[in-house]
There are 2 protein chains.
Amino acid sequence: MTTIRDVAREAGVSVATVSHVINGTRPVASDTAERVRQAMEVLDYHPNAVAQSLRTRKTHAIGAVVSDITNPFFATLVRGAEDAAIEAGYSLIVCNSDESPEKEDRYVRLLRRRRMDGLLISPVGDGSSSVVQELPHWDTPFVFIDRRAEGIAADAVLSDNVAGAYQATKHLIDRGHHRIGIILGIKGATTTEERLAGYRKALTEAGLSVSKELVAYGGYRIEGGRKATEDFLSLSDPPTAIFSTNNLMTVGVLKTIAQRKIAVPQAMAIISFDDLDLGELFQPPLTAVTQNPYEIGRIAMGLLLTRFEDKGKRAVEEIRVPVVLTVRGST
Amino acid sequence: MTTIRDVAREAGVSVATVSHVINGTRPVASDTAERVRQAMEVLDYHPNAVAQSLRTRKTHAIGAVVSDITNPFFATLVRGAEDAAIEAGYSLIVCNSDESPEKEDRYVRLLRRRRMDGLLISPVGDGSSSVVQELPHWDTPFVFIDRRAEGIAADAVLSDNVAGAYQATKHLIDRGHHRIGIILGIKGATTTEERLAGYRKALTEAGLSVSKELVAYGGYRIEGGRKATEDFLSLSDPPTAIFSTNNLMTVGVLKTIAQRKIAVPQAMAIISFDDLDLGELFQPPLTAVTQNPYEIGRIAMGLLLTRFEDKGKRAVEEIRVPVVLTVRGST
DNA sequence: GTGAAAGCGCTAACAG
DNA sequence: CTGTTAGCGCTTTCAC
């Protein structure tokens, strides 16, 4: 592998000069610069970013820890973050915590060892794991995405969960439903708690009570959605509508309902927090609260990048990205 | 940030000893080792992977350049690769080329500068870009995934495209179709050429001719699928079946067909190379050639990792991962 | 069983 | 406008 010294020798200049033409960090006579560029070309030289990082203490890399990259919600969020990072000359390293505290722990430590310049993280569960709680004591800027960790005052970019869940529930009530089953994700996660709050608010406002048997937890996974639906169906007095609070669980709901050949929306109305990519192609098309993961990613990255300048000076920000209710055929 | 020197001082040993307890690279008296571990704990020390990499010339990181991480096919492939990497103590850096030669170029260079230990790459188009063509001259092992580049003898892990396309086409023929429109991706891409070959083979075997107006290109994008479908429909003698050769283009086909309220499969049969995540939930459920991206990723990573030992000694391997035809309601 | 010291490839004073 | 050189934090001979 050719080094900066090889280039310097080939061009007949010092390594300092080569470094400065690479980085444009000080004026170089144009013919000297040209010789250097020629030498780099000839030797097929590619600066060693590892050495650069060691020296400058900057990796120009951002780490992101998300729940599952195969979930289109996070895949899209990551694309938004990536696009914003690239524009600013940073690259993004993506890790899947898979909703597992162990993996989260491992990846956050990994990203720390690799000296990321900043972090984007959607904490597992309620964010009480030690590695997440220690984040503020470490001197790397970070911003929470999609969810935030309990008890940590830090930047966060989140969907407007309460409003979205409220709208979804109210829509169902307006359609005449009184018994609305809600399938939540992981207890303690801020998304879960906030969506539950929106649901309660709508019910209470309508003078309806919140029945415990109609509140289920599906772990934000397909299987969880399926299981919760089956539990609902086996109730002596089953709900007439199901509100699934993430895309994956909605898939579980739809599969179960299709399998049991239950008519939608006549026998069961279905609404999802977070649309499915092809939601409009289902029969009937899916009614959903549409989030904007791409924007969440972009905004979060933008916020993070500003932190590199104002070293912890500006106040912590919590940004809520609006959601919109898309009424289609399933309700 | 605390360094290995701080730990050495705190523990009252040399940096060499600290290094060796971190890496287990030589015997250390158990009480000394204990003191060192204590010191690391107290100082909240995290080894600097950047410095380690510079010194050892190994980053323990693999770079992957894929077309689009929001495409479930690649998202799943990446998960397979990642799982295999993690098991072996490597981490995976994912980049989206977005089918753009410029981005591909930029990312491959980026990964080179960051001194990845190895690369996984699905080349854009026919893989004729200079950065891809230079890959072999560079001394980093790499393996092609999903597609391969023209004229480069290198490891590759690919779906069995010819067989899959043959099966799909034959299935349509068996169902009585004579005019079958095929929507290919990007001209020159090996996936495109191979799937076309399978299609031709089945038609020829059945004594049918390959009509040029029934062969379209959709760039592996939703919009391309939509456009191609519309072109087919406006033909004086439109096809009775459409064979879409990737998941995204299939979405475009389905959207167009649904919009035009064309009956599937009566008025138009639809088959897709690469299943949709929720293909079974459509009305009618989608018939598809199911690939196994997770396995492609795992196998490719496994192959790459073996290359770290046998430095280019073993012969180049091309591994074909089987596909299976899943007949559902759309044909 | 342990330590001293020479670099890995680069950047950035400092000096001219 | 250009060169010399001291590290960045770590691993790894070589020596004891």
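A note on names: the letters A, B, ... follow the listed sequences, proteins ahead of strands, and every chain is numbered from 1.
Separating the CZ atom of Arg26(A) from the P atom of dT2(D) is a distance of 8 Å, rounded to the nearest angstrom. One interatomic measurement links the two molecules: CG of Asn48(B) to P of dG9(C), which rounds to 17 Å at whole-angstrom precision. Remark: C1' of dG9(C) and NZ of Lys58(B) are 18 Å apart, rounded to the nearest angstrom. Taking atom CD1 of residue Ile22(A) and atom P of nucleotide dC10(C), one finds them 7 Å apart after rounding to whole Å. Rounded to whole Å, atom C1' of dG9(C) lies 12 Å from atom CE of Met1(A). At whole-Å resolution of the value, CD in Gln52(A) and C1' in dG9(C) are 9 Å apart. Counting to the nearest Å, the P atom of dC8(D) and the CD1 atom of Ile4(B) are 14 Å from each other. To the nearest angstrom, P of dT2(C) lies 20 Å from CZ of Arg9(B).
In terms of phosphate contacts, Thr3(A) brings no side-chain nitrogen or oxygen within less than 4.0 Å of OP1 or OP2 of dG9(C). An OP1 or OP2 oxygen of dT2(C) is reached within less than 4.0 angstrom by no side-chain nitrogen or oxygen of Thr17(B).
Checked by atom type and distance alone, the side chain of Arg57(B) never pairs as donor or acceptor with a backbone atom of Leu54(B) at under 3.5 Å.
Close placement of the Tyr90(A) and Phe308(A) rings is indicated, their centers lying within 6.0 Å of each other.
Residue-level contact check: Ser19(B) touches the bases, meaning some heavy atom is under 4.0 Å from a base atom. Residue-level contact check: Thr32(A) touches the backbone only, with heavy atoms under 4.0 Å from sugar-phosphate atoms and none from bases. Nucleic acid contact for Arg57(A): sugar-phosphate only, since backbone atoms but no base atoms lie under 4.0 Å from a heavy atom of the residue. Base contact: Ala16(B) has a heavy atom under 4.0 Å from a base atom. Residue contacts shown for Val50(A) are absent, as no nucleic acid heavy atom lies under 4.0 Å away.
Computed from C1' positions of five pairs at each end, the angle between the two local axes of the helix from dG1(C)-dC16(D) to dG16(C)-dC1(D) equals 40°, rounded to 10 degrees.
Listed candidates were dT2(D), dC10(D), dA4(C). Nearest to the side chain of Ser14(B) is dA4(C). In this structure, the nucleotide among dC10(C), dC10(D), dT5(D) sitting nearest to the side chain of Arg55(A) is dC10(C).
Salt bridge Glu87(A)/Arg298(A): present, at least one basic N to carboxylate O contact under 4.0 Å. Between Asp155(A) and Arg314(A) no salt bridge is recorded (no basic side-chain N to carboxylate O distance below 4.0 Å). A salt bridge does not link Asp117(A) with Arg307(A): every distance from a Lys NZ or Arg NE/NH1/NH2 to an Asp or Glu carboxylate oxygen is 4.0 Å or more.
For the pair Thr25(B) and Leu54(B), both in contact range of DNA chain D, the more 5′-proximal nearest nucleotide belongs to Leu54(B). Sequence order on DNA chain C of the closest nucleotides to Ala51(B) and Ala29(B) puts Ala29(B) first from the 5' end.
Of the N and O atoms on the side chains of Tyr107(B) and Ser91(A), not one donor lies less than 3.5 Å from an acceptor on the other residue. For the residue pair Ser128(A) and Asp126(A), a side-chain donor N or O sits within less than 3.5 Å of a side-chain acceptor on the partner.
Nearest heavy atoms, Asp105(A) versus Ser130(A): OD1-OG, 4.4 Å.
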